[in-house]
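Below you'll find the structure, written out as structure tokens, and then a few comments.
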Amino acid sequence: MSIDSSAIEKLRNAREKVKEQLSQVIVGQEEVIEELLISLFSRGHCMLEGVPGLAKTLLISTLARSLSLTFSRIQFTPDLMPADITGTDIIEENRSTGERERRFMQGPLFSHIVLADEINRTPPKTQAALLEAMQERQVTVGNERHVLTDPFFVLATQNPIEQEGTYPLPEAQQDRFMFKVFVDYPSFDEEFEVARRTTAIQTDNIQPVLSANEILELQTKVREVPITDHVIRYALSLVRQTRVDRPGCPEFVQDQVAWGAGPRAVQYLILGGKARALLEGRTNVSTEDIAALAKPVLRHRMVVNFAAESEGVTTDNVIEELLKVTPTKEDELINDARFQKIFAS
């Protein structure tokens, strides 16, 4: 299936329009914005992690304003209950008949974009309610299922430095997020511009540039992008090398990793690669696209063991090593004895 040039132009124009709107409020963070948009056009959810004051919440709320989509912000707190986000059944009296009737009152999850602010501050029961919404795009209240709006996009933030009173997300829920994006400190020039802007009178004129139907159309176009067997094999090779005690597992993974990535990692690497290729103006996915997204896709799907953690080794360090030892050329990958074990397993 081939992609016409108009689809590429439409997606690239959409990206530029959204970035133009965001630039009125957000300074820098180009890589974060790019990964957010790849996630949006791939129909995935995204988690942003960074210390306080890096405009994570502002970035997400501004993105929502630049799209013609409904938006809800949920501040996750220790006393937040599942019904507070999913909605609940209420009993009300029918004035014409005098009879009492049950009616479902929708919660904030019934929006196109949901900002789950400080998601690790709410108990597991509420986190589990969000998990169903993210995966099944529905919520269950009582015995009834209620379908969520489409497109549906969860953007979560969490603070890595305040651990008291937090509930770390279980691996099963982290796996539902397409990307885990690290938001870093700005450069000197960027922080200078932030200081200049935010201490003067601020005005912005954010205009919605994409509708729900346009986003759904672009998400469909992303899935139509062709991908070769070699690039799929490369993505599979990266993911399968993270699994300890499996054929072809590198020695450094065996020594440092406790748990590897599951099949969703491959799916999101390929979908993200397709979106990235279109955004770059290409109609085919390359190994470079897969490698560029390896960290945001894999970093929250792997767990380093205690020995590695005590030495300061992170999942990002392991991913960097994996990229070094995985050949990008087809003949080198296929003829490598270690990868032949992976392909045969």
Side-chain angles (χ1 to χ4, degrees), residues 1-21 31 33-46 63-64 66-69 112-113 134-138 147-155 175-179 181 208-240 261-298 301 328-330 333:
M1 184 181 294
S2 61
I3 300 293
D4 56 74
S5 58
S6 63
I8 299 176
E9 196 61 30
K10 186 176 288 188
L11 191 63
R12 296 189 74 182
N13 285 341
R15 176 182 67 171
E16 294 309 315
K17 286 178 181 177
V18 172
K19 290 177 74 173
E20 183 182 337
Q21 297 301 312
E31 188 175 342
I33 292 171
E34 196 74 10
E35 289 171 358
L36 264 179
L37 293 177
I38 290 174
S39 182
L40 172 66
F41 295 133
S42 302
R43 205 168 182 257
H45 308 292
C46 196
L63 174 64
S66 70
L67 306 172
S68 295
L69 302 176
H112 291 115
I113 296 181
M134 292 170 61
Q135 181 62 27
E136 308 297 334
R137 296 178 186 264
Q138 65 178 27
V147 179
L148 297 170
T149 52
D150 203 15
F152 177 66
F153 190 41
V154 174
L155 291 165
D175 195 40
R176 264 65 176 186
F177 286 97
M178 179 178 184
F179 290 157
V181 179
V209 294
L210 279 177
S211 68
N213 287 335
E214 287 173 323
I215 291 173
L216 290 172
E217 181 186 347
L218 292 171
Q219 289 174 344
T220 301
K221 292 296 181 186
V222 164
R223 288 177 174 266
E224 292 175 356
V225 175
I227 183 169
T228 64
D229 288 349
H230 166 56
V231 178
I232 295 176
R233 196 177 290 114
Y234 177 78
L236 273 165
S237 299
L238 285 175
V239 174
R240 292 180 74 86
R264 278 199 192 93
V266 179
Q267 295 168 347
Y268 284 138
L269 277 174
I270 291 172
L271 276 175
K274 289 185 174 190
R276 187 177 187 271
L278 276 188
L279 289 171
E280 295 287 332
R282 290 178 281 109
T283 57
N284 62 292
V285 188
S286 68
T287 54
E288 181 188 343
D289 295 314
I290 304 298
L293 300 177
K295 284 185 179 179
V297 169
L298 293 174
R301 293 183 164 87
T328 56
K329 294 181 179 179
E330 185 172 10
L333 187 64

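Here, residue 1 is the first one in the sequence, and each next residue gets the next number. Basis for what follows: all heavy atoms, side chains included, without hydrogens, waters or symmetry-related copies.
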Using atom types as modelled and distance alone, determine if a side-chain donor or acceptor of [X] lies under 3.5 Å from a backbone N or O of [Y].
X      : Y      : answer
Arg15  : Leu37  : no
Ser211 : Ser68  : no
His112 : Ala212 : no
Lys274 : Arg223 : yes
His230 : Thr328 : yes
Glu136 : Val147 : no

**Message:** For the CD atom on Glu31, are there more than 12 heavy atoms of other groups (residues, nucleotides or ligands in this structure) within a distance under 6.0 Å?
**Reply:**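 12 or below, so no.
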Ignoring hydrogens and angles, write down the donor-acceptor pairs under 3.5 Å from the side chains of residues 233-240, residues two or more places apart or on other chains.
from, atom 1, to, atom 2, distance (Å)
Ser237, OG, Arg233, O, 2.7
Arg240, NH2, Ser345, OG, 3.1

Could you tell me if the side chain of [Y] sits less than 4.5 Å from the side chain of [X], heavy atoms only?
X      : Y      : answer
Glu280 : Glu288 : no
Tyr268 : Pro296 : no
Leu279 : Glu34  : yes
Val231 : Asn284 : no
Lys19  : Ile33  : yes

**Contacts of type side-chain contact (heavy atoms from CB on, under 4.5 Å), residue Lys329, not counting sequence neighbours** =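 side-chain contact (heavy atoms from CB on, under 4.5 Å) check on Lys329 returns Asp331, Glu332.
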Ignoring hydrogens, what is the shortest heavy-atom contact between [X] and [Y]? Give both atom names and the distance.
X      : Y      : answer
Ala14  : Leu210 : CB-CD1, 3.8 Å
Leu298 : Ala261 : CD2-CB, 3.8 Å
Pro151 : Ile215 : CG-CG2, 4.2 Å
Leu63  : Ser66  : O-OG, 2.7 Å
Gly44  : Phe153 : O-CE1, 2.6 Å

**Asked** After noting the C-alpha distance and the side-chain angles of Val285 and Val225, does the key distance pass the side chain to side chain contact (heavy atoms under 4.5 Å, CB included) rule?
**Response** CA-CA 8 Å; Val285 188; Val225 175; 4.0 Å; yes
**Asked** Just one of Val181, Val18, Leu155 clears the side chain to side chain contact (heavy atoms under 4.5 Å, CB included) bar with Leu36, so which one?
**Response**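 Passing option: Leu155.
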Working to the nearest 0.5 Å, report the span between [atom1] of [X] and [atom2] of [Y].
X      : Y      : atom1 : atom2 : value
Ile270 : Ile232 : CD1   : CD1   : 5.0 Å
Met178 : Arg176 : CE    : CZ    : 15.5 Å
Leu148 : Met134 : CG    : CE    : 11.5 Å
Asp289 : Ile227 : CG    : CD1   : 8.5 Å

**Message:** Between Phe179 and Ile38, is the side chain to side chain contact (heavy atoms under 4.5 Å, CB included) condition met? List the steps.
**Reply:** CA-CA 9 Å; Phe179 290 157; Ile38 290 174; 3.8 Å; yes
